[in-house]
There are 2 protein chains.
Amino acid sequence: MATIRDIAKLAGVSVTTVSRVLNNHPYVSDKKKEAVLKVIEEINYKRNIHAVHLSKGFSNLIGVVLPKIDHPYFSSIVEGISEEAIKHHLQLVLFQTNYEPAKELEALELLRGTLLDGVIFCSRAISFDVLKEYKNAGPIVLCEDSDQSHFPSLSIPHEQAFQFGLDYLISKGHTKIAFTLGRMEGPNSKKRRKAYKTKMKELGEPIRSEWIFDKCLSITDGKQLMEKLQHLEKKPTAFFVTNDQVAAGILLSAEQYKIKIPQDIAILSFDNQPIADIMGITTIEIPIRKMGKLAVQSIIHCKEKREQTNKKMTLPFRLIERKTV
Amino acid sequence: MATIRDIAKLAGVSVTTVSRVLNNHPYVSDKKKEAVLKVIEEINYKRNIHAVHLSKGFSNLIGVVLPKIDHPYFSSIVEGISEEAIKHHLQLVLFQTNYEPAKELEALELLRGTLLDGVIFCSRAISFDVLKEYKNAGPIVLCEDSDQSHFPSLSIPHEQAFQFGLDYLISKGHTKIAFTLGRMEGPNSKKRRKAYKTKMKELGEPIRSEWIFDKCLSITDGKQLMEKLQHLEKKPTAFFVTNDQVAAGILLSAEQYKIKIPQDIAILSFDNQPIADIMGITTIEIPIRKMGKLAVQSIIHCKEKREQTNKKMTLPFRLIERKTV
DNA sequence: CCTTGACCTGAAACGCGTTTCATACATTAT
DNA sequence: ATAATGTATGAAACGCGTTTCAGGTCAAGG
């Protein structure tokens, strides 16, 4: 493999000059620049990117950690991230963690080892205390409704949004409201639970733990929910679910249980993915792609200013009324 | 930042010994090993990964190029790739190309620049001739039903599978069969078209170009298909579609057009994603995750043996009979 | 005429872990 | 007893682009 020194020799200039040409530094005479370019062309020289990274100390790689790429919510975030990353010539390194802390740590270790210029947590399982140990390793952004003030975070206000959704259901005459969560102890879920508690108290309704369903994320989960519903002694009149996939699962299996939606049970979900449009699901839109985009911008900001921000960014949500409430 | 030389000094050994400890080389006495480990612990030393990459000449990064991560087919492949990659301590760099050749080339250039140890094409837009120029840049695997013999490829036999599907529809009494494709000129689509042509000839049925629908990939596309169907003068009795998403879109909008499935129109699709199970879609299963897994293994194989294979790997498909045919 | 600053160039140092090669002692095998 | 292995260790070279620093030229400003 040819090196910059070979080129320097062949072009009759110094390695510095070659480097300058490679990096578009202005202080190179046209004559030398041409000579260098000519040699580069002739021997089909390719820069050794590892050497570049070693010298510069960074890599234009950013880590994206998420539990499962094969879920519309996460693949949408990644799409948002990807679009923005391309604009800034950043590459994405994917960490599919399945919520295993060890795999999340791997990304953080690579951040510390400067392989990654930053890490975006689309969701996380590791504790906040562990995360804080990597505070100085490089830019970290969290896509969650976070109360901490150590890392920038990015989310809709889940508590407000959930209350808003509950108010909507209540305005439609519902008071018997069940709900589902992705992960009971996830940061966003905690907010949703809190909102539920508050609102049920307001209504004077009891909190029935059997009306709170954990680990509901996919269409399949939604389908199974209908099965579980059969065994419930007291049945809710509305379901406020994790996302459009769960809602879709419910809709798709409602018929076989002879349940009419929204007459028997109303369904309200989050996200507003394409499937919500197609199936007529009433949902609270989350600007998922926008979140991804802003996450990248935040990383870039931290990187350029060489400063750690801890800005909490709150994105807007909105109700999309369709046919399930 | 502390370097390996600092450690050597503090531990009273040579840098070589430190490197050996770091790499678990057996020829280090327990005494020295302990001393080194102790110093590493004390000063919280972290290896500079760029220096490692520069020395070793590779990076444990592999590129994954695909048009859109936000599609179940591709996110499933990536999931398969990811699971296998984790086992081998490889990281994935994602290239979302939208089928723009320039972005595919970016991945190839990074392969040539040794940032990437290999590239997996989940789908591609660039021509084969261009691809061949990167033959020596490093391992490249194509997830497509390919006729070339320059790169390893990985796919179900699309022509056979499509014929098989057609035979199945024919056995159910259909001869008026329309079909959809993702990209008319994609390698897999070509095979499917070929199979269609052959089979229609056998049947003595004409090839109606208006029964061939291009760019059908998503649920939304499936929905729009039903709209287009209305304007067809002569209507097919069966639809053989790109994937389960398109089938789902058809099913979800069939009711509004008062079309009964399978009575009025039978639907057969590819993939066997979870949605096919939930909606009762009859489909031809493609082992998508397995493809991802094998793609990684192929890259590793090429990397280790330092040889370019060009093996064409054919995976099995199978019919999953459900309720749409 | 002299100072200042923009422009141009290159030698050498820098970033840092890995690998090769030479050396030396301890075992085993013959 | 001697040759052949295996174990252990370190100096120096290697991978290669970037950056700093010093030195030099030339035109504009005072």
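All chains are named by letter (A, B, ...) in the order of the sequence lines, taking the proteins before the strands, and each is independently numbered beginning at 1. A quick note: this is a predicted structure, and the numbers were derived from the prediction, not measured.
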Begin with the C-alpha distance, continue with both residues' side-chain angles, and end with the deciding distance and a verdict on side chain to side chain contact (heavy atoms under 4.5 Å, CB included) for A:L116 and A:I62.
-> CA-CA 5 Å; A:L116 302 176; A:I62 64 181; 5.9 Å; no

Determine, stepwise, if the pair A:Q297 / A:I300 fulfils side chain to side chain contact (heavy atoms under 4.5 Å, CB included).
-> CA-CA 5 Å; A:Q297 287 177 354; A:I300 291 170; 5.5 Å; no

Check step by step if side chain to side chain donor-acceptor pair (under 3.5 Å) holds for B:E83 and A:Q96.
-> CA-CA 8 Å; B:E83 275 165 20; A:Q96 189 173 254; 4.6 Å; no

Before giving the answer on side chain to side chain contact (heavy atoms under 4.5 Å, CB included), spell out for B:I120 and B:L142 the whole-Å C-alpha distance, their side-chain angles and the decisive distance to 0.1 Å.
-> CA-CA 6 Å; B:I120 297 171; B:L142 310 177; over 6 Å; no

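A salt bridge links A:E100 with A:K103; the closest basic N to acidic carboxylate O contact falls under 4.0 Å. Salt bridge status for B:K190 with B:D147: absent, with no side-chain N to carboxylate O gap under 4.0 Å.
For residues 2-15 of chain A, proximity to DNA chain D is found at A:T3, A:I4, A:R5, defined as any non-hydrogen atom under 4.0 angstrom from a strand atom. Near-neighbour residues of DNA chain C inside residues 43-51 of chain B, defined by a heavy atom below 4.0 Å, number-ordered: B:Y45, B:R47, B:N48, B:A51. Residues of residues 18-33 of chain A having a heavy atom closer than 4.0 Å to DNA chain D, listed by number: A:S19, A:N23.
Annotation: cation-pi geometry satisfied between A:K303 and A:F58 (NZ/CZ under 6.0 angstrom from ring centroid, within 45° of ring axis). Relative to the ring axis of A:Y27, A:R20 does not place its NZ or CZ within 45° and under 6.0 Å from the centre.
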Show each protein N/O and nucleotides 23-28 of chain D N/O combination with a separation under 3.5 Å, one pair to a line.
none

Could you list the protein-to-nucleotides 3-5 of chain C atom pairs, N/O on both sides, closer than 3.5 Å?
none

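A donor and an acceptor atom sit less than 3.5 Å apart, one in the side chain of B:S55 and one in the base of D:dG15.
Of all nucleotides listed (C:dG10, C:dC16, D:dG10), D:dG10 comes nearest to the side chain of B:T16. The side chain of B:L54 lies closest to D:dC16, out of D:dC16, D:dT19, D:dT9.
For A:K87, the side-chain contact (heavy atoms from CB on, under 4.5 Å) test picks out A:E84, A:K293, with sequence neighbours left out.
The aromatic rings of A:F151 and A:F128 lie perpendicular to each other, with more than 60° between the two planes, well past the 30° mark.
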